[in-house]
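Read the structure below first, then the notes.
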Amino acid sequence: PDCWGVYTWGGGRIDRAAYPHIKGFPITLNWANVEPRNGQFAFEESLGKSLRTAHENDFYVHLMLWVVPNSPQWLYENGVPKVDAPARINPFRREVKPDYPYYFDEDYKRFFHRLIRAFGDYVRNLPPELQSRVLFVQSAEGSTGDGQPYKSQPTNPKYRISPEQWSQFRMETWEVYRQAFQKGFDRPIPLLVNNDANGKEEHEWLLKNLDVIGCKQGMFSHGYHISEEQDRIAEWRAFLAKAQSLGKTVFTRGEQDGEWNICGWSKQNPEQAFYWSGIYALHCGLDLWNIPADA
């Protein structure tokens, strides 16, 4: 009951003295770090210290494992096609050009699902005082925690993925996460998915397969007065009402990002921007709001 509120976003050392008012912080892992060599996992090195920090400072954490960027190079040495896509501008207004794996390659899916299961095994075997700090795990199926496979279209058309194909891949990934983080746990770890990319089929999967449903609401957390806000809020409230009528528990998260000190609407008066963004996030029903640590 005391876990909801403001969390940090981004990296860096987080402690209670420096951040007395937050409830916790995210732990975002990169595939290349947790499996630097094929089949050799380093979850303790990547995750253990942060969990101990959370325990020492009475913080909660939520977990996410990114496959892109920083996919391990050994994937491409073991039969997974490397997908080229044009560079793009990220939220920090910098040009980035990551490599992407071809998600539908059978070798890739085998390695990816093995990674999720190893992730679940590590969390399942944590000491109770550390496992209790884990609030939920977010499924990241493609590029970062967003809802699409690529941030720009592949240059080779044969690697392009339709929305319908990606929807099926996402739900297949959710099932692997559900099995990995909810089977064999005394307290099953809730699963959160990116709701901005969900449609009717994804919503039906969530209602059918999860008792506790986590949804990332990115459009409700990056500012205020977003495009198409009335339709977005109406659609969300309809889903929430349906879930509650079925006895489901629903929670949401979303993050502010680098635009807070880059975009004119915010940087000319950050205090005012965060004030109205916070009110807007509450109006939209956000439970957990990630704010950049430097803000």
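Quick caveat: nothing in here was measured; it's all calculated off a predicted structure.
- For the pair Asp211/Lys248, a side-chain contact is recorded, criterion being any heavy-atom separation below 4.5 Å from C-beta on.
- Side-chain contact check for Asp2 and Tyr60: at least one donor-acceptor pair (N or O, by modelled atom type) lies under 3.5 Å.
- Arg114 forms no cation-pi arrangement with Trp31, by the criterion of a distance under 6.0 Å to the ring centre and an angle within 45° of the ring axis.
- A 6.0 Å sphere centred on OH of Tyr275 holds no more than 12 heavy atoms belonging to other residues, nucleotides or ligands.
- Residues that satisfy the salt bridge (charged side-chain N to carboxylate O under 4.0 Å, His left out) test with Arg52, not counting sequence neighbours, are Glu44.
- The local environment of CG in Asn125 is crowded, with over 12 non-hydrogen atoms from other residues, nucleotides or ligands closer than 6.0 Å.
- Side-chain contact between Pro36 and Phe41: absent, with no pair of heavy atoms (C-beta onward) separated by less than 4.5 Å.
- The shortest non-hydrogen separation linking Pro190 to Pro188 is CD-O, 3.3 Å.
- With ring centers used as reference points, Tyr150 lies under 6.0 Å from Tyr100.
- A donor-acceptor pair under 3.5 Å is formed between the side chain of Asn57 and the backbone N or O of Arg16.
- The 12-atom threshold is not exceeded at CD of Gln230, counting heavy atoms of other residues, nucleotides or ligands nearer than 6.0 Å.
- When all heavy atoms of Thr155 and Pro86 are compared, the pair lying nearest together is CG2-CD, 4.0 Å.
- Formation of a donor-acceptor pair under 3.5 Å by the Arg187 side chain with backbone atoms of Gln182 is not found in this model.
- Between the CG atom in Leu115 and the OH atom in Tyr108 there is a gap of 8.5 Å [rounded to 0.5 Å].
- Side-chain N/O atoms of Asn198 and Arg170 include a donor and acceptor closer than 3.5 Å.
- Atom CG of Leu286 is separated from atom OG1 of Thr252 by 4.5 Å, given to the nearest 0.5 angstrom.
- Taking a 6.0 Å sphere around NZ of Lys242, one finds it holds 12 or fewer heavy atoms contributed by other residues, nucleotides or ligands.
- Between Glu235 and Arg237, no side-chain nitrogen of the basic residue sits less than 4.0 Å from a carboxylate oxygen of the acidic one, so the salt-bridge criterion is not met.
- Tyr122 and Phe43 have parallel rings, their planes meeting at less than 30° on a 0 to 90° scale where 60° marks the start of perpendicular.
- Not a single donor-acceptor pair under 3.5 Å links the side chain of Trp236 to the backbone N or O of Gln217.
- Applying the ring pair (Phe, Tyr, Trp, His ring centres under 6.0 Å) rule to Tyr159 yields the partners Tyr102; only residues at least two apart in sequence or on another chain are considered.
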>> Using side chain to side chain contact (heavy atoms under 4.5 Å, CB included), reason through Ile14 and Thr53 one step at a time and then give a plain yes or no.
In response: CA-CA 8 Å; Ile14 305 295; Thr53 295; 5.6 Å; no
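- Atom CG of residue Asn290 and atom OG1 of residue Thr8 lie 7.0 Å apart, to the nearest 0.5 angstrom.
- Counted within 6.0 Å of CH2 on Trp265, heavy atoms from surrounding residues, nucleotides or ligands total more than 12; the atom is thus considered enclosed.
- In terms of modelled atom types and a separation under 3.5 Å, the side chain of Asn156 and the main chain of Asp84 share no donor-acceptor contact.
- At distances below 3.5 Å, at least one donor-acceptor pair connects side-chain atoms of Gln165 with backbone N or O atoms of Ser162.
- Looking at heavy atoms from C-beta onward, Pro101 lies out of side-chain contact with Val83 at the 4.5 angstrom threshold.
- Taking CD of Glu204 as the reference point, atom CD of Glu202 lies at 9.5 Å (rounded to 0.5 Å).
- In plain terms, the two heavy atoms of Cys215 and Leu206 that are nearest each other are SG-CD1, 4.5 Å.
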> Hey, mind stepping through Tyr19 and Ile291 against side chain to side chain contact (heavy atoms under 4.5 Å, CB included) and telling me if it holds?
Replying inline: CA-CA 12 Å; Tyr19 298 90; Ile291 299 298; over 6 Å; no
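- If you check the side chains of Trp174 and Glu141, you find a donor sitting under 3.5 Å from an acceptor.
- Side-chain contact of Gln131 with Arg124: a donor-acceptor pair under 3.5 Å is absent, judged by distance alone.
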>> salt bridge (Lys or Arg N to Asp or Glu O under 4.0 Å), that's the test. Do Asp105 and Arg110 meet it? Break it down for me.
In response: CA-CA 9 Å; Asp105 177 77; Arg110 177 167 52 85; over 6 Å; no
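- With sequence neighbours left out, the ring pair (Phe, Tyr, Trp, His ring centres under 6.0 Å) criterion links Phe136 to His62, Phe251.
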> Stepwise, does the side chain to side chain contact (heavy atoms under 4.5 Å, CB included) test hold for Leu51 with His55?
Replying inline: CA-CA 6 Å; Leu51 288 172; His55 178 61; over 6 Å; no
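- Under the ring pair (Phe, Tyr, Trp, His ring centres under 6.0 Å) criterion, His203 pairs with Phe239, not counting sequence neighbours.
- A donor-acceptor contact shorter than 3.5 Å is absent between the side chain of Asn30 and the backbone of Asn33.
- Nearest heavy-atom pair across Val123 and Ile189 is CG1-CG1, 4.4 Å.
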>> Assess the residue pair Gln73 and Lys82 against the criterion (side chain to side chain contact (heavy atoms under 4.5 Å, CB included)); give the C-alpha distance rounded to whole Å, side-chain angles, the decisive distance to 0.1 Å, and a yes or no.
In response: CA-CA 9 Å; Gln73 288 303 305; Lys82 182 183 291 187; 3.4 Å; yes
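- Ion pairing between Lys267 and Glu259 fails under the 4.0 Å rule for side-chain N and carboxylate O.
- For Tyr103 and Trp166, the ring centers sit closer than 6.0 Å to each other.
- Across all their heavy atoms, Phe112 and Ala140 have their closest contact at CZ-O, 4.0 Å.
- Residues in residues 65-76 take part in no salt bridge (Lys or Arg N to Asp or Glu O under 4.0 Å) pair, two or more places apart or across chains.
- Taking the side chain as every heavy atom from C-beta outward, Cys3 and Lys23 never approach each other to under 4.5 Å.
- Residue Ser71 comes nearest to Tyr76 through the heavy atom pair CB-OH, 3.6 Å, listed as atom of the first residue, atom of the second, then distance.
- Looking at heavy atoms from C-beta onward, Thr144 lies out of side-chain contact with Val68 at the 4.5 angstrom threshold.
- Between Glu175 and Arg178 there is a salt bridge, with a side-chain nitrogen of the basic residue lying less than 4.0 Å from a carboxylate oxygen of the acidic one.
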> Do Lys216 and Glu255 pass the salt bridge (Lys or Arg N to Asp or Glu O under 4.0 Å) test, and can you show the C-alpha distance, the side-chain angles, and the key distance before you say yes or no?
Replying inline: CA-CA 9 Å; Lys216 178 188 174 184; Glu255 72 258 8; 3.4 Å; yes
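- Glu164 and Ser167 form no side-chain donor-acceptor contact under 3.5 Å, judged by distance and modelled atom types alone.
- The aromatic rings of Phe274 and Trp260 are tilted relative to each other, their planes meeting at an angle between 30° and 60°.
- Leu282 belongs to no hydrophobic cluster, as no Ile, Leu, Val, Met, Phe, Trp or Tyr side chain comes under 4.5 Å of its own.
- Side-chain contact, Ser221 with Gln256: no donor N or O sits under 3.5 Å from an acceptor N or O.
- The CZ atom of Arg133 lies 13.5 Å from the CG atom of Leu63; values are rounded to the nearest 0.5 Å.
- Between the CZ atom of Phe220 and the CG atom of Asp196 there is a distance of 8.0 Å, given to the nearest 0.5 Å.
- Tyr280 and Glu229 form a side-chain donor-acceptor contact under 3.5 Å, judged by distance and modelled atom types alone.
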